[in-house]
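Worksheet: one structure, shown below.
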Amino acid sequence: MLLRNRKFLLGASIILAMVIVGIVGTLLTQPELRRTGSFPVRLPPGPGGLLGTDALGRSVAIQLSEAILQSLQVGLIAATLGTFLGALIGFVSGYFGKAVDAILRTLTDVFLSVPSLLFLILIASLVKGVGVQAVAIIIGAFAWASPARQSRAQVLSLKERTFVKLSRLSGMSSLEIIFVELMPNMLQWLGANFVNAFLAAVLAEAGLSLLGLGPQREMTLGMMIYWALSYGAILQNLWWWWLVPVLTLMCLFLALYLVHLGLDEVSNPRLAARG
Amino acid sequence: MAAYLRYLSTRAVLWLVTMFISATVVFIVPHLVPGNPLSSVFSRLAAVGGSLNARELIEQYTKMFGLDRPLWQQYLSFLAQLARGNLGYSISSFPSHVSDVVLPSIPWTIGLLSVTTIFSWVLGSVIGAVVGWSGGRSPLFQALVPVALVLYTVPYYIVALILVFLFAFRWQIFPLSGAYSVGLRPELSLTFALDVLHHATLPALSIIVVSLGWWFLSMRSLITTQKGEDYILLAEATGLPDRHILWRYAFRNALLPQATGLALSLGHIVGGAIITEVIFSYPGLGWVIYNAIKSLDFPVIQGSVLLLVVAVATTNFIIDLAYPLIDPRIRQAGRE
Amino acid sequence: MADVMKPILDVRDLRVYYHTSRGPIKAVDGISFSVHRGERFGLVGESGCGKSTTAMALLRLIREPGQIEDGQAHLDGLDIFKLHGEELRKVRWNQISLIPQGAMNSLNPVMRVQEQLADIITIHEGRQPARELRRRIATLLATVGLPARVANLYPHELSGGMKQRVCIAMAIALHPRLIIADELTSALDVVVQRVVIQTLLQVQEQLGTSLILIGHDMGLQAQLVDRLAVMYAGHIAEIGDVGDIFADPLHPYTQLLISSVPTIEEKKHLQAIPGLPPTLLNPPPGCLFQPRCPYAVQRCRVETPLPREVRPGRWVACHLR
């Protein structure tokens with residue numbers, strides 16, 4: 001059913017296309033071509049060099065293929081970590097209730113209201129110079145609050161529902177009940193949360209990189225913009241240097257948003273009827 | 001009245017807890033890096049050929065924050081210092097205090113954020129209400145929806161980049177950076193005020209363009225939900241004029257969730273604004289943080305983060321105080 | 001003299017269809033009835049028979065994808081289906097008002113009772129001096145048996161019965177000619193039901209308003225109304241004096257409805273009516289009750305029975321009468 005939803009398909013294909021571009025681009029280029037000075041500097045896009053070159057003589061297109069894969073990797077790792085951590089915390093909070101719930105719920109509320117970017121800045125500034133995976137883990141470590149809140153709400157609503165009480169009468173342990181009843185809904189809900197977390201993570205990475213806290217030795221979409229700005233791309237009218245990653249990012253956001261909408265429509269068919 | 005006070009105290013407790021937990025996180029983080037938390041920073045400074053006052057700094061810090069004492073004592077003295085408003089010394093501009101570095105930037109950030117946020121929230125809500133109420137009847141209104149959908153997903157700083165490129169570089173209508181023109185002395189005059197506005201336009205626009213989309217969509221959806229409510233149906237049956245029902249019945253009921261939405265997104269707004277300031281070299285807290293990152297001035301980063309967290313938590317609390325004024329049901333609720 | 005005899009409401013051939021992608025749902029398909037001045041007229045039938053839709057149609061509250069397909073409704077001579085915009089707005093509540101089905105949710109949560117009532121009054125009658133308004137509202141509340149302090153309360157501070165009575169107060173505020181009470185007591189418990197009903201009937205007598213009482217409880221209707229119309233699947237099965245109908249039900253559906261009402265006096269089998277109501281989406285030809293009717297004949301399957309006045313004041317839509 002999901003595979004027939006137009007929005008989901010459109011979004012997923014865009015992401016797939018990006019992944020393919022990234023993989024193909026990375027495979028086709030020899031490592032030497034990545035070094036600075038491999039190309040003439042400051043070439044605008046055109047016959048000379050695909051998407052142009054930057055002030056250091058690197059091809060923007062080659063950078064882009066690496067950047068896409070790295071940014072997607074950040075999104076993937078961070079979203080996975082955040083969603084599952086959040087789901088676990090929310091589940092524990094909702095299932096055990098009382099003191100445990102009170103503590104975890106307060107913690108969740110606090111982390112929801114605080115700008116997580118600030119904590120990210122704090123940590124990242126201490127461990128400057130780490131790689132893409134480390135950045136992803138740091139981002140993921142702060143992405144648990146939103147899934148936790150939702151996961152808790154799900155568990156609570158299930159605890160209350162009549163059919164759970166009925167099942168309990170039939171002899172299943174409450175843990176079994178919640179898992180069995182949660183599972184079908186869980187996948188849809190996990191999917192939506194995962195996509196949100198993915199989007200947020202890519203955004204966070206871009207933001208951190210812009211501030212100079214990104215993985216300096218590797219190329220991500222955020223880092224591309226960072227380098228462009230550091231070398232004054234705007235003032236030197238090297239518009240392709242920053243516009244390419246910006247457009248790619250916007251494409252990615254749009255695609256993720258479409259996937260999210262598609263997931264929503266599938267889990268709540270009433271929305272699809274109007275769309 | 002009693003219920004209101006109960007509600008207030010619950011929110012006040014949450015406010016205190018937020019600040020407390022944030023302070024704790026800010027304290028713990030440097031200690032997660034193995035070794036003397038600040039020595040790693042100092043050693044990097046030294047490697048870059050940094051400050052000559054390194055030894056003096058280390059002594060000052062060690063004394064002030066008791067780095068030679070057990071962790072829990074350090075924690076307590078950290079909290080004590082915070083309570084006194086002492087955020088420590090800046091490394092790159094030693095012997096200036098962190099507060100000296102950070103304080104001048106606060107008005108710029110608060111000014112930018114408060115004006116843009118309130119403006120987008122109010123305008124977005126009004127337009128969203130009108131469009132939502134009209135249903136599918138006006139094609140002009142409906143066209144706004146996809147526009148907003150595209151806009152609201154874009155981070156502020158990306159809009160900022162595009163705006164800077166077009167309006168500051170290509171067509172030099174607005175300045176590229178700063179809060180006011182170089183050489184102009186800050187004073188209470190019309191020329192200065194206009195200059196500030198001129199410089200603030202692009203940064204503000206970057207935030208407004210995106211935020212407007214978000215508040216517009218949010219209110220539109222809330223009003224659409226309102227349209228299905230029984231009391232709206234009855235209001236129509238009583239012969240109340242259409243516009244009257246929209247503003248006094250539907251809009252008033254939608255305001256509470258819209259205000260809740262504002263409180264929940266404050267963190268996100270602040271985060272985005274920080275980075276936007278960097279694009280414009282706008283001398284707010286974001287710019288301070290950016291420079292502190294470049295010069296490895298960790299105490300300033302720490303202090304700025306703490307300040308921002310306190311600001312967001314306090315604003316949240318203020319909005320909490322305002323809820324009962326908007327929705328009488330909260331006055332009874334007490335707890336969530 | 002003749003005017004007093006003319007009905008306050010005359011509905012002719014009302015049709016309300018909901019247009020879906022699969023075809024029209026004929027929620028109300030050609031009903032006609034009249035309500036006399038000062039009378040209590042009951043409209044009874046099972047869920048989905050079209051009684052609430054009728055009420056909504058009379059108040060012009062039918063929304064997309066539904067619409068009033070055909071018919072006229074003359075309120076004291078004025079065809080209210082032909083009114084639009086400002087004219088419609090003026091007639092609403094002034095001439096015809098509603099006590100809604102879901103009183104729980106029908107009051108604006110962010111307005112005090114006082115403000116809502118004042119809103120209605122000032123919109124229709126212009127600005128009023130504050131003290132006058134307060135007094136008038138207190139009187140209204142007293143009429144429905146509520147203390148004056150209720151005016152300052154918010155809906156969530158009121159019990160279900162109190163909210164329902166506030167709705168009654170709202171409905172009578174402008175002294176309309178006709179009040180429609182839609183499932184007045186469905187959401188209330190029995191004790192509160194009694195109070196609310198008594199209130200409404202008292203008020204109606206005091207003001208001399210005409211009343212349409214919509215419900216699904218035959219037993220309740222029997223105690224409340226002067227005349228009764230029985231609806232089934234968007235059509236009217238029978239109309240008549242309530243005592244007459246109970247003593248001698250002519251339509252098979254009415255007969256089954258009455259015999260299914262439990263009574264304390266008589267010990268009898270609880271009788272349900274077998275089968276389900278028909279789909280109103282592209283309904284089949286002939287009488288819609290025919291599949292469940294114990295007396296159905298061939299003619300019933302082919303030809304739709306039209307209501308006929310078999311006795312003065314008694315209409316039945318059945319081939320067998």
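Naming convention: chains lettered A, B, ... in sequence-line order (proteins, then strands); numbering from 1 in each chain.
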Part of B:Ile289 lying under 4.5 Å from any heavy atom of chain A:
side chain
Within the distance-only criterion (no hydrogens, no angle test), does the side chain of A:Glu218 pair as donor or acceptor with the backbone N or O of A:Val132 below 3.5 angstrom?
yes
Check whether the side chains of A:Asp101 and A:Ser93 place a donor and an acceptor atom closer than 3.5 Å, and report yes or no.
yes
Got a donor-acceptor contact below 3.5 angstrom from the A:Ser71 side chain to the A:Leu221 backbone?
yes
Heavy-atom distance under 4.5 Å between the side chains of A:Ile234 and B:Leu161, does that happen here?
yes
What part of A:Ala204 lies closer than 4.5 angstrom to a heavy atom of chain B: side chain, backbone, both or neither?
neither
Interchain contact, B:Leu176 with chain A, by part (heavy-atom threshold 4.5 Å)
side chain
Using non-hydrogen atoms and a 4.5 Å limit, figure out which bit of A:Leu249 sits close to chain B: side chain, backbone, both or neither.
side chain
Quick check on A:Leu118 against chain B: is it the side chain, the backbone, both or neither that has a heavy atom closer than 4.5 Å?
both
Which atoms of B:Val309 approach chain A - backbone, side chain, both or neither, heavy atom under 4.5 Å:
both
Applying a strict 4.5 Å limit to non-hydrogen atoms, the region of A:Ile225 in contact with chain B is side chain
For the backbone of A:Tyr231 and the side chain of A:Gln236, can you confirm whether one donor and one acceptor N or O come within less than 3.5 Å of each other?
yes
For B:Val278, which atoms come within 4.5 Å of any heavy atom of chain A: side chain, backbone, both, or neither?
side chain
